Amino acid sequence: MEEGEKKLRQEDCHEDKLGAGILTLTNRRIAFDKTRARIMDFSKHMGDTIIDVPLSDVKKVWKEGLLMKKTCILVGEDTYKFGVLSPGGWTDAIQDAMDAE
């Protein structure tokens with residue numbers, strides 16, 4: 001993290017196209033780090049950072065779904081859909097961080 005950057009939220013999640021990982025929201029950016037897990041020994045290993053975008057590059061944030069609600073962001077032409085525990089909370093937190101920037 002850069003100087004002056006603060007972590008606002010972080011959670012294990014699943015992105016529709018990218019798979020399992022950790023979603024992190026800071027006061028400056030959104031990041032998604034891929035993870036690998038093994039059931040045999042309950043280990044989890046961090047992989048590559050797949051998404052690392054400044055909040056200014058996020059065009060839209062919303063939640064969608066009837067049974068399986070997801071937090072969605074639009075970055076350029078790409079849409080990312082994250083399955084998190086509290087999609088409404090994540091959507092509000094991302095929007096608040098974007099408004100504060």
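Predicted model, so just to flag it, every value in this text is computed and none were measured.
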If every non-hydrogen atom of [X] is compared with every non-hydrogen atom of [Y], which pair is closest and at what distance?
X   : Y   : result
K63 : T91 : CB-OG1, 3.7 Å
L74 : E77 : CD1-C, 4.3 Å
C13 : V84 : CB-CG1, 3.7 Å
A31 : R29 : CB-NH1, 4.0 Å
A93 : R9  : CB-CD, 3.7 Å

[atom1]/[X] to [atom2]/[Y] distance, rounded to the nearest 0.5 angstrom?
X   : Y   : atom1 : atom2 : value
N27 : L55 : CG    : CG    : 8.0 Å
K70 : H14 : NZ    : NE2   : 7.0 Å
K7  : T26 : NZ    : OG1   : 10.0 Å
C72 : E15 : SG    : CD    : 9.0 Å
Q10 : L23 : CD    : CG    : 8.5 Å
M68 : L66 : CE    : CG    : 12.0 Å

Item to check | Candidate pair D33 and I50, rule side chain to side chain contact (heavy atoms under 4.5 Å, CB included), full reasoning | outcome: CA-CA 6 Å; D33 300 305; I50 306 294; over 6 Å; no
Are [X] and [Y] packed together at the side-chain level, in the sense that at least one heavy-atom pair is separated by less than 4.5 angstrom?
X   : Y   : answer
L85 : E11 : yes
Y80 : I51 : yes
R28 : K6  : no

Checklist entry - Where do T24 and F32 land on the side chain to side chain contact (heavy atoms under 4.5 Å, CB included) test, with the steps shown first? => result CA-CA 6 Å; T24 304; F32 178 78; over 6 Å; no
Checklist entry - In terms of heavy-atom contacts, does CG of D48 have more than 12 from other residues, nucleotides or ligands at under 6.0 Å? => result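 Open.
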Checklist entry - Would you call E64-K81 a salt bridge at under 4.0 Å N-O? => result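 Counted as a salt bridge, because a side-chain N and a carboxylate O are separated by less than 4.0 Å.
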Checklist entry - When you look at W62 and T79, which way does the side chain to side chain contact (heavy atoms under 4.5 Å, CB included) test go after all the steps? => result CA-CA 11 Å; W62 72 100; T79 300; 3.8 Å; yes
Item to check | From CA spacing to verdict: side chain to side chain contact (heavy atoms under 4.5 Å, CB included), I94, L25 | outcome: CA-CA 7 Å; I94 294 169; L25 171 66; 3.9 Å; yes
Checklist entry - Is there a path of hydrophobic side-chain contacts, each under 4.5 Å between heavy atoms of I, L, V, M, F, W or Y residues, that connects L8 with I22? => result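 No, L8 does not connect to I22 through the hydrophobic network.
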